[in-house]
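This report refers to the structure that appears directly beneath it.
Positions are given from 1 along the sequence.
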Amino acid sequence: MRPCPAGRIFLSITMALCTGLEATAARPALVASLSASELTSLFSFIERVESDSEKISNRSVAHTWVERGALFFEFEDGSYGMVLSAAIPPRIELWTPPPNLPAIDTRRVFEAESVPEGGLRGSADFFFNHDADVWSGTPDFNSGDLSPIYAGLDAESFLPGVGYILFRASTFFVNGTITNATLSYHVEQSVGSWTVGAWAVADGAANFWSEGTVTWNNQPALGDLQDFETVGTASDYYKFMDITSIAQQWNAGSHNNNGLFVAPSGNPPSGAKLQVTASEFGTDAPYIFVEYSPPASAPTVTTNAATSISQTSATLNASVDPNGSSTTVFFDYGTTPGLGSTVTHGGIGSGTSPVSTPQSLTGLSCGTQYYFRARASNSGGTSNGNTLNFNTTACPQPPPTVTTNAATSIGQTSATLNASVDPNGSSTTVFFDYGTTPGLGSTVTHGGIGSGTSPVSTPQSLTGLSCGTQYYFRARASSAGGSTNGATLSFSTASCGGGAALSNGVTQAGSINGSVQQGSWNYYYADLAAGASNLVVELFDLGGDLDLYVRFGAQPTDSLWDCRPFFGSTNSEACTFPTPSAGRWWVGVNNWDTGPIGYSVRATWSTSSGGIVVNEIHTGPVDYVELYNSGSSSQNLSGWTLVSTGGATDTHTLPSYNLSPGAFVRVFENTGSPATATVYTGQNFNWVSADSGSVALSNGSGTGVDFVRWGISSTPPPSGTTWSAPNAPSVPSDADVIGRSPDGSDSNSGSDWCPQTPSAPGPNSGCGGVIFSDGFESGNTSSWSSTSG
């Protein structure tokens, strides 16, 4: 390589050429690889240009650089210069670019073969090194390289249409989009005023030509006219023709680049002549100036790791450079590397720097591996980022499923507690909580049952219990998913000394032996359902000194009891519990005297009816049943049923009717026009006799709510209700009505009932009144009359 000279104003470009490196970091540029001849030419030019005061005057050069074979200047006054030709003498152009426009935005090239690659944004000059003129006067003659080139009429023969000028740019194409193309040529001399046109050479293999072989007889055919200009009698000026259309077609490949014709357009005047500077004379040589935009570049996409990962969501990330074109970003994702689903992130503009594109993704499955990649599209194409993956966090573990089952193997002091427990996939431990009250209080550990997904039976032996005692228990299981309690059930251990069941309101006679104080016990028990009230336990008809003991949940002892009247030597004792707990109540009779001693024992309680009771029954000409809400909340009677017996058994379904607390409603047989607080069943109450019958009331779920029977009826009460002797009295033929006294009293026996004086729906009049009602059959309560006695 040539040694670097010193002490010159073009030191920066000299260093660039002799080292092959960029001369300055202040103006980045690509340094072209130059041949030895190119280097020699440029160094010669540098030496010449130092004294060229006509072109650069006394400007101080701040920077110079080479790009794709062209030499550029940046002067300290902010203007720019460029060498358009390295020929002798050189051609130099000076200009001031727009503010902030880098000098590299303008590209100039020496020859047509030096086409910018990669579609650099800006413009380019294409200088021709192929040209020729042909004449009709010498049709087989090739003129070769002529200086200058002539067109027009032959000055001697004046033959018409004798001359063409052909400009050839065989390597014209550049990448990108051409926005403007202008043919420029220098007129050295013209004679006459006439029109010159520029045509594209027609397509076809026969139309390729060479300046060393083309003649008038084998000249290529003309294609489309591109532009025309008028020339006049003058010299030393330039003409410009718009050839944008053909340049775009060359660039797109839709037209062969066979060059251009420049020739008369129409008939030139006699003696017309055009003399144009040939391409061999670098300065003022014809050239095509092209402005173009680079091809759009596809985005640059980098997929980045997912963040904010949860059980069902994550944030996908990427860095996307639009590379100068409006760009849209997508994310493809799926549970396999094939992806399959897409979410659109949206547009990110048309910048030239990477843009962060976080994208929230929801609706994912927990504990699942997902694959994803970023994808971006613009007019330059579509780019896929690399495929990454992430795992959503583990699925929440469900707590165990626990079902408490009935106790088995129940003895006096032991029982087996049972449950079915599904671990639901997590390691699970089972416990049993138990105690003599619903509050439980004690725990036994059954132990681990693994982490399966099916129910496991968990029997647990329980010892050390008290005989004759009611126990409550439930299963409980814990795992990483949480803790679950099963339902609370109950059982009673076997009686310590046996025991007999007491029916509600039924008296049982007994006898007890003994000669030692408190040495002998007889036991009884009563099972109360939820909602029972007013439990009364009586010990009477005593034949000696006996004591009554009552205890809930276990047999009483002389030291453990809930009630011990201890009235001394009396003929009766009683214990009363207004709000007894549901479950087993134990009754103990203890002997303080020598035996045998006789006695009677009885337990009486009221059952719950949800507040609704049968309050009055009428078996007269127009039959009805009156209902009363003794509770504290409203009840809708839709779907409730009344079952009546007495000659026939009939089921009556009630219509929708809202019965408020403290309110009454009369349910009439057959149909009619309801008055206040009345409804109709649409069918008969088939009471053929007032001597006996029954009425059972059930709620919409079919559960018994209340029951009453009178006379000699033996109809059993439905499930959920009880009845004990005596029956309610028969309905008197002169009264036709029996009712509760007082309203709502309910001991599940006939002691609550007596003949009544009927009235409009409302409170009963009490026992003793008698009614005879003419016209009552109409159901019109205004026609009722009453008598006393």
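With respect to Phe473, the ring-ring contact (aromatic ring centres under 6.0 Å, His included) criterion is satisfied by exactly one of Phe431, Phe491, Tyr434: Phe491. Tested against Val537 for a side-chain contact (heavy atoms from CB on, under 4.5 Å), the candidates Thr604, Val550, Thr576 yield a single pass: Val550.
If you check the side chains of Ser724 and Asn504, you find no donor sitting under 3.5 Å from an acceptor. Side-chain N/O atoms of His652 and Thr641 include no donor and acceptor closer than 3.5 Å. With hydrogens and angles left out, the side-chain atoms of Ser483 and Ser478 include a donor and acceptor closer than 3.5 Å. No side-chain donor from either of Thr401 and Asp422 sits under 3.5 Å from a side-chain acceptor of the other. Judged purely by distance below 3.5 Å, without hydrogens or angles, the side chains of Arg602 and Thr507 pair a donor atom with an acceptor atom. Looking at Asn418 and Thr408, their side chains do bring a donor and an acceptor atom within 3.5 Å of each other. Side-chain polar atoms of Asp743 and Asn615 form a donor-acceptor pair below 3.5 angstrom.
Side chain of Asn670 to backbone of Gly682: no donor-acceptor contact under 3.5 angstrom is found. No side-chain donor-acceptor contact under 3.5 Å links Gln470 to the backbone of Thr436. Distance alone, capped at 3.5 Å, is enough to place a donor-acceptor pair between the Arg709 side chain and the Thr715 backbone. With hydrogens and angles ignored, the 3.5 Å screen pairs no side-chain donor or acceptor of Asn684 with any backbone N or O of Asn686. Checked by atom type and distance alone, the side chain of Thr404 pairs as donor or acceptor with a backbone atom of Ala487 at under 3.5 Å. A donor-acceptor pair under 3.5 Å links the side-chain atoms of Thr493 to the main chain of Thr469, judged by distance alone. Checked by atom type and distance alone, the side chain of Glu669 pairs as donor or acceptor with a backbone atom of Asp623 at under 3.5 Å. A donor-acceptor pair under 3.5 Å links the side-chain atoms of Tyr471 to the main chain of Ser466, judged by distance alone. A donor-acceptor pair is defined here as one N or O able to donate and one able to accept, closer than 3.5 Å; such a pair exists between the side chain of Glu573 and the backbone of Leu548.
Using a cutoff of 4.0 Å between basic side-chain nitrogens and carboxylate oxygens, Glu616 and Arg666 are scored as salt-bridged. A salt bridge does not link Asp562 to Arg551: none of the charged side-chain nitrogens sits closer than 4.0 Å to a carboxylate oxygen.
Rounded to the nearest 0.5 angstrom, Asn629 CG and Ser660 OG are separated by 7.5 Å. The distance from the CZ atom of Arg474 to the OG1 atom of Thr403 is 14.5 Å, given to the nearest 0.5 Å. Put simply, CG on Leu546 and OG on Ser572 are 12.0 Å apart, with the number rounded to the nearest 0.5 Å.
With contacts defined as side-chain heavy-atom distances shorter than 4.5 Å, the pair Pro396/Cys366 qualifies. No side-chain heavy atom of Thr463 sits less than 4.5 Å from a side-chain heavy atom of Thr413.
Classified by interplanar angle (parallel below 30°, tilted 30° to 60°, perpendicular above 60°), the ring pair Phe577/Trp585 is tilted. In this structure, Trp561 and Tyr549 have perpendicular ring planes: the angle between them is above 60°, well past the 30° mark.
Other residues, nucleotides and ligands place no more than 12 heavy atoms under 6.0 Å from the CD1 atom of Ile712.
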- Item | Evaluation steps, side-chain hydrogen bond (donor to acceptor under 3.5 Å, both in side chains), between Gln397 and Ser426 | CA-CA 7 Å; Gln397 294 297 313; Ser426 296; 3.0 Å; yes
